[in-house]
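Data first, discussion second: the structure below is written as structure tokens.
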Amino acid sequence: MSRNLEGKAGKIIDFFGAALSLFVLQIVVLGPVMGYSLSLAIFLFFALPLTFIIYPGGKSRFMTGINIFDVALAILSAASIGYLIINSDYLLTRVEYITPLTTVEYVAGVVAIITVLEATRRAIGMPMALIALLLFAYVTFGKVLPPPFGHAGFTFDWVIDTMYLTSKGIFSSPLWIVITLAFPFIFYGVILEQMGVLRSFLDFANRLFGKSPGAPAKTSIVAGTMVGMASGMPMSTTYLIGYPTIPEMVKVGYPPRTAGAIAAVVGTAAQLMPPMLGVAAFIVAQYMGVPYIKVCQYTLLPALLFYAVFFLTIQLETKRLGIKAMPIPTVSYKDIMINGFYIFLITMAVLLYFLVKFYPVGLAAFYACVVALILGFIRKNDRLNIKSLYVILAKTGRTSVYIAMACAAAGIITGFLVETGLNLKFANMVIAFGQSSLLLALVLSALAILIMSMGMPSIPAYITGIAIFGPALIKLGVIPEVAHIFCFYYATLYSITPPVAFASYAGAQIAGEDPMKTGLVACRLGIMTYIIPFIFAYAPAYLLIPQYLNLYELFRFIVFVIPGLVIFAAGISGYLTRSLGTLDRWMALASGLCLLLPFGVLDYIGFALMLIVLMRNGVFSEIKNRLNRGRDAAAK
């Protein structure tokens, strides 16, 4: 949790945050005119010291306030990165691993690594820093391990050279991604928030569902998806949407932990929904080497499948709980537009236009931001001014520190994995298991990415996951598109998966509930996100890849998948036409899985189970009675 900095300290941080924003934006527009390495060094020169002032080192009264340790770490980190800036010309000419390290480089490198890991611990949490430390231990002591995980040995000079003086560690591609991809979208999200546009999302969703049973939950789904696509941060999305909707959900009859879980699932799942996928789509596109629009194509149907199940689950959950429609004040569509919703629609159109024209992603996002700012300066209500623009720049800079530390640490992690060959050893292990069972290889990869991602945000988690498991899955016959989207899906699920379930914690805090129990409910309601990657792993047609689309897949989608979604949602919620008994609920879940997973004969087993559940719960009788009532009404 960041400090609430006010007074002189807050003004100083705002100044440096705004300066950081202006520096990054000129790179987005002009490119790295000062060079790749120097641009990254200057960026980290601002971001790393800021972390020690923005994020406290502990929870004690002494640590929550800015103290001598924070100042010392800020100065040391600035000095270690400053050395790279001052000596940038010399560092361009030195030969990696050949030119001996000077004493200053050795000390500065140690300081840089330590301060990056401490900044990561403060901003992201202990797990990600611990992963980096475990890999450092592997580099140090791996030479005594037996095959296949042992290595010939690495010196500490090699560690400093790799992590500090080359582009294979701290200053590798994950940190560059912050500047070129993540930062423009953080800027975009802050602009919308500052102008109050995000509130119009909530009004729009309220207008859609204001008179239906469970309207606050449905409002949370729609508004949260729009906000989450813009912000890409599950925890902040959960807070932003949760504060107005969770109390309303509890008021109409949802249990507090269910209300908190709904907001958490929405905040997490928004990352999976095109067209923006919480910024991560652009990183996936870069690593896949395909246009961004292709990633949207691949993720569209899986996202729609999830939302179909999730929305239906909440609808059935609403019926099971006996929640009735309640009058909720709604704003007219005209007022919603006037309040700023049009800014979102126009800027999304601008973004998509430039992306379709194959402009660089960061530059396309920057143009969308410029249009948003122009509209903000000329609007009649809540008009922007120079002061509010400064606030936007300052807040963007402060917010970007979080993802910057995650990606700097991800650079250390991926650097150790790749340079030691440990990623290939993990991949070979997955391949060995996969030769006997692809399903087992997929399960192992999913569990490993899920556990690993509990210590980091989705962007670095995806980068690390695809570096380790992508090559293994591809070697086992999984097509590259599937391997990338599979890793991406599991990299996003840390936010609702206990024990490190940041979005679930946010929802639980607002609802006044136990975080672990809220996280478990979120896993139940959002379980489809764990299953969908296995569906498209065996059926790439669901990624809308043309060569895999055929009449059989269309037949299967209509006859098996759509009924599977319905019966699976009934099993999750425990309700069909009435509350399901334990046996019927398990049969519904089993039926849904059999129908959704493309394993041939299981389709027919699942269909038979579904018919049994429908008959046992009087669904066919209910349909017959409704048809009769309809005919009687028509006759009258």
Side-chain angles (χ1 to χ4, degrees), residues 301-321 436-443 446 478 482 486 489 523-544 548-631:
L301 187 56
L304 293 176
L305 290 176
F306 165 74
Y307 274 101
V309 173
F310 184 54
F311 200 91
L312 185 56
T313 299
I314 300 307
Q315 177 69 11
L316 294 173
E317 191 95 0
T318 302
K319 289 181 176 293
R320 182 179 65 82
L321 295 169
S436 58
S437 171
L438 176 59
L439 179 61
L440 180 59
L442 288 168
V443 169
V478 175
V482 166
F486 185 92
Y489 255 71
C523 288
R524 174 175 68 85
L525 296 177
I527 193 171
M528 197 64 187
T529 51
Y530 299 88
I531 297 170
I532 282 175
F534 288 89
I535 296 176
F536 62 67
Y538 283 94
Y542 294 112
L543 296 188
L544 300 181
Y548 293 96
L549 296 172
N550 51 56
L551 288 176
Y552 169 74
E553 292 294 351
L554 179 61
F555 166 79
R556 191 178 176 280
F557 185 79
I558 295 170
V559 176
F560 295 119
V561 174
I562 293 177
L565 296 175
V566 176
I567 198 67
F568 191 78
I572 296 171
S573 62
Y575 188 90
L576 204 51
T577 54
R578 55 178 178 255
S579 292
L580 297 177
T582 303
L583 176 60
D584 285 335
R585 190 167 186 176
W586 281 108
M587 287 175 64
L589 289 170
S591 169
L593 283 177
C594 289
L595 290 167
L596 291 169
L597 294 172
F599 291 150
V601 69
L602 290 183
D603 286 340
Y604 301 97
I605 294 173
F607 201 84
L609 284 172
M610 180 183 68
L611 292 177
I612 293 170
V613 173
L614 295 179
M615 286 187 291
R616 282 171 57 90
N617 288 272
V619 174
F620 296 118
S621 299
E622 179 70 21
I623 293 172
K624 183 179 178 181
N625 291 336
R626 288 190 179 186
L627 288 174
N628 288 334
R629 286 196 297 268
R631 279 196 296 266

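Relative orientation of the F486 and F536 rings is perpendicular, given thresholds of 30° and 60° on the angle between their planes.
Here the shortest heavy-atom pairing between I572 and R585 reads O-NH2, 2.5 Å. A pairwise comparison of heavy atoms in I562 and I558 identifies CB-O, 4.0 Å as the closest pair. Smallest separation of non-hydrogen atoms from N617 and S579: OD1-O, 4.4 Å. Looking at every heavy atom in both residues, L549 comes nearest to A541 through CD2-O, 3.4 Å. When all heavy atoms of A308 and L565 are compared, the pair lying nearest together is CB-CD1, 4.4 Å.
Atom CZ of F599 and atom CD1 of I535 lie 10.0 Å apart (nearest 0.5 Å). With rounding to the nearest 0.5 Å, the separation of CD1 in I532 from OH in Y542 is 11.5 Å. Taken from OG1 in T313 to CZ in F568, the straight-line distance is 8.0 Å, to the nearest 0.5 Å. Rounded to the nearest 0.5 angstrom, L439 CG and F534 CZ are separated by 6.5 Å. A distance of 11.0 Å separates CG in L609 from CG in D584, rounded to the nearest 0.5 Å. For the atom pair CG (L442) and OH (Y538), the distance works out to 5.5 Å, reported to the nearest 0.5 Å.
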For Y307 and F311, what are the C-alpha separation, side-chain angles and deciding distance, and is it a ring-ring contact (aromatic ring centres under 6.0 Å, His included)? CA-CA 6 Å; Y307 274 101; F311 200 91; 8.9 Å; no
Please walk me through it: do R616 and L576 pass side chain to side chain contact (heavy atoms under 4.5 Å, CB included)? CA-CA 11 Å; R616 282 171 57 90; L576 204 51; over 6 Å; no
Can I get a per-line list of side-chain donor-acceptor pairs under 3.5 Å for residues 589-596, giving both atom names and the distance, sequence neighbours left out?
unit_1 : atom_1 : unit_2 : atom_2 : d
S591   : OG     : G606   : O      : 2.7
S591   : OG     : M610   : N      : 3.3

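You'll find the side chain of V309 stays beyond 4.5 Å of the side chain of I527, heavy atoms only. Looking at heavy atoms from C-beta onward, Y489 lies out of side-chain contact with Y530 at the 4.5 angstrom threshold. Contact check for I567 versus V613: side-chain heavy atoms found under the 4.5 Å cut-off. In this structure, L301 and F557 have side chains that are in contact, with non-hydrogen atoms separated by less than 4.5 Å.
Between E317 and R320 there is a salt bridge, since at least one side-chain N of the basic residue sits less than 4.0 Å from a carboxylate O of the acidic one.
Enclosure of atom CZ in F607 is not indicated, since only 12 or fewer non-hydrogen atoms of other residues, nucleotides or ligands lie within 6.0 angstrom. By the 6.0 Å contact criterion, CG on L583 is enclosed, its count of non-hydrogen atoms from other residues, nucleotides or ligands being greater than 12.
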